[in-house]
Amino acid sequence: MSNTTEKSSGKKPSKEELRLNRTRNIGIIAHIDAGKTTVSERILFITGRSHKVGEVHDGEATMDYLEEEQKRGITITSAATTCEWRDHLLALIDTPGHVDFTAEVERSLRVLDGAVGVFCGVAGVQPQSETVWRQGNKYNVPRLAFVNKMDRTGADFDNAVETMRARLGAHAVPIQMPIGAERTFQGVIDLVEMKAYTWEENARDVSIADVPEELREEAERRREKMIEEVAEFNDEMLEKFVEGEAVSVEEIKEAIRAGTIALGITPVLAGSAFKDKGVQNLLDAVIDYLPSPSEVPPIEGFDPIKDEPVTRETRSDLGPAAMAFKTISDPNGDLTFIRIYSGVMKQGEKYYNPRTRKVERVGRLLRMHANNREPLEEAKAGDIVAVIGLRDAITGDTLCTKDDQVIFEAMVFPETVISMSLEPKKNADRDKLTTVIGKLVREDPTFKARTDEQTGQMVISGMGELHLEVICNRIRSEFKIDVNVGKPKVAYKQTLRGPKEVEARHIKQSGGSGQFAVAKMRFAPDPEVDAVSFESTVTGGNVPKEYIPSIEQGIVGAAKAGGRNGFPFVKIAAELYDGQSHDVDSSNMAFEAAGVLAFRLASENNVVLLEPVMKIEVECPEEYTGDVIGDLSSRRGHVEEMVAKPGSVTMVSGKVPLGEMFQYSTTLRSMTQGRGHYSMEPDSYEPVPAAIAEKVFEEA
């Protein structure tokens, strides 16, 4: 297959253009257990990067190199590697599918040019598929879809495509048709070239032939439909299609490529990665249809010196600029993964970090292959590489030069929903634990740690039970510190029950100059606000302008502190409508204190407790559906939908409070004799019933 990016345009491409045209930065994204890591492992084997196929179920996957990943058979941290296919360099990132590690997907998609969404041929779109797809939409990442596990009982290619359209809103266009399904799945028909690809059982040798006569009519029908859906992305082809003329393979490929890069379509392929079926075709599609670094729009940034927005094209002849998107703690020096957006970065050179206003030295540049390293002298625009030697750079930081500064937009990560106490078993390990926690916080933007002021205990927070369990196990096995762990606690929040008008008078006189500040405020719950919105409608200078930010600071600080119960306040609108000041005794400090007092008065006996509510999907054999629904109801859950799936399986979906879901996997296993499984993701914060809220407040 020819590469459409290198079509002759009259002049020969330069060496640099050729290098960029032959680079693909892609990620593998999917729901947990859809087969992402298996797809990645097959890609490494087929491209000759590894000489042995590592299986996830044996704990030997190359990309799952952490001890915790191998023990659990899941991906926890995104692993980066590089391989070659058809003279192209592929930078590949295998991301986690579990919702607790969603930040890994977020930061990978932020720096990638394209992605492959892997879907289970039996289940189609699953909850975490929706989450990662939304993340792809957020960063405008062109995607291919690979319907995996086509040899499994209950596999249905057309149903999987339909769920992509219905649940993801994706313009899914099949560019292949499976030959058989379940046990009879033998291969695929490429609808672009009208060739049949078939594989022997577990064979890596593919045989390519004309479309079998008995499948020709169906293949022609599907090809016609595909051409109709992609024709609008190629004017010449559209004209031919309307006129009823034949279109060439090259024109179809150009149209599919243009539609994919414009985010207008998602080409869909089929296969079974575990049996090595369809992965070569997927690699061809990555090169034929996903963009090179020079084909994605220039990245937007901000020039802190000129105080204006700027854009950076992917070109090596511009000033160097790169984004750090991941840090890994390492005894031999922390590894920082960077995506270079412009210029050339060299080993031993110094670069400027506008956030810290410090210069960082690149000690070593490395091209990563999972946890193996290949040293580099330099890396250019479009490359994804790892760096040793950066001391202060964290996820989202930009590296550039002091004379040519740029700041790329940082990433925003979701709030933590669960916390637990942590302390070392031996007092001698206390300082060591603090250092280790500091490293882990730097590595993972969704992991937080603080010291409880009342108990002096360390409290760690994360995205779910599994997230914190994995971190505690890493502390024990990697860093050899024995720790005691408290029971998990839900990250509750509070809001106001109703509107309240208050007058906060902070007046103190103790000889010499005193403190004088009066703030008249209106507070009200507001579901549209994330935390606290503040507005001043004071007229006539009753509160001088210079003191108004101090009132806001006092209110925001008090809301974050959480008052008597310690749970942060959210969804509140505050309005300063009047106040008083004193020429001598008023100060910023006095008005900040008035802000704190105003918030305390507004929240007195006027509080509603909010809890994180999760979206849940449970899949179980039909005979256990009643038990599963009954159990969810007993946990204050609300079932929204029940769908019958192939193989006498029912999918139950709904919403349930996180506080009721601890140890749910054990209950589900015993309830369904180990045949049920579930997935959860954060949905919203909802009010807690009064009786339960009372109990929570008592414990707090």
Side-chain angles (χ1 to χ4, degrees), residues 30-35 57 72-74 97-100 119-131 149 152-156 159-160 163 166-167 182 417-418 420 463-470 487-490 492 611-693 695-696:
H31 181 88
I32 191 167
D33 209 26
H57 53 269
R72 294 171 188 273
I74 63 168
H98 199 287
V99 67
D100 284 15
F119 297 89
C120 172
V122 181
V125 173
Q126 295 164 282
Q128 194 57 17
S129 324
E130 291 185 54
T131 306
K149 304 188 179 185
R152 281 260 306 270
T153 305
D156 184 337
N159 178 61
T163 61
R167 295 183 64 171
E182 303 181 342
V417 293
I418 188 172
M420 56 169 65
M463 298 304 297
E465 265 187 295
L466 180 64
H467 188 196
L468 294 186
E469 194 185 315
V470 163
K487 272 177 69 179
K489 287 183 181 170
V490 173
Y492 291 105
E611 64 183 344
V613 171
M614 313 297 279
K615 210 153 85 176
I616 186 168
E617 274 197 9
V618 184
E619 284 192 10
C620 63
E622 261 171 30
E623 61 264 36
Y624 303 113
T625 308
D627 295 343
V628 166
I629 290 171
D631 180 66
L632 286 176
S633 300
S634 73
R635 295 169 185 269
R636 297 191 285 124
H638 169 63
V639 174
E640 294 176 334
E641 193 182 15
M642 277 167 43
V643 179
K645 296 199 136 193
S648 302
V649 168
T650 305
M651 183 192 77
V652 178
S653 63
K655 291 177 183 173
V656 63
L658 175 65
E660 304 286 347
M661 295 304 286
F662 294 136
Q663 303 299 316
Y664 179 65
S665 51
T666 312
T667 310
L668 183 65
R669 266 201 300 273
S670 58
M671 201 168 29
T672 61
Q673 296 184 0
R675 293 162 67 199
H677 62 270
Y678 78 104
S679 60
M680 280 195 315
E681 62 176 29
D683 182 66
S684 58
Y685 267 82
E686 304 291 340
V688 178
I692 294 169
K695 213 183 286 178
V696 172

Pairwise distance [atom1]([X]) to [atom2]([Y]) - rounded to 0.5 angstrom:
| X | Y | atom1 | atom2 | result |
| --- | --- | --- | --- | --- |
| K487 | M420 | NZ | CE | 11.0 Å |
| R635 | L658 | CZ | CG | 11.5 Å |
| F119 | Q126 | CZ | CD | 9.5 Å |
| D627 | T672 | CG | OG1 | 9.5 Å |
| H677 | E619 | NE2 | CD | 4.0 Å |

Any heavy-atom pair between the side chains of [Y] and [X] that's under 4.5 Å?
| X | Y | result |
| --- | --- | --- |
| M614 | P657 | no |
| V628 | L668 | yes |
| L632 | Y678 | no |
| K615 | E617 | no |
| M680 | M661 | yes |
| M671 | Y624 | no |

Worksheet item: Would you call E611 and R636 a salt bridge, using N to O less than 4.0 angstrom?
Response: yes
Fill in: Pair E641 + R167: basic N to acidic O under 4.0 Å
no
What heavy-atom pair brings [X] and [Y] nearest, and what distance separates the two atoms?
| X | Y | answer |
| --- | --- | --- |
| S129 | G124 | OG-O, 4.5 Å |
| I418 | G464 | CG2-N, 3.4 Å |
| N159 | D156 | N-OD1, 3.0 Å |
| I616 | V656 | CG2-CG1, 3.9 Å |
| V639 | I629 | CG2-CG2, 4.1 Å |

Practice prompt. Report yes or no: does E622 contribute a side-chain atom to a donor-acceptor pair with the main-chain N or O of T650 at less than 3.5 Å?
Written response: no
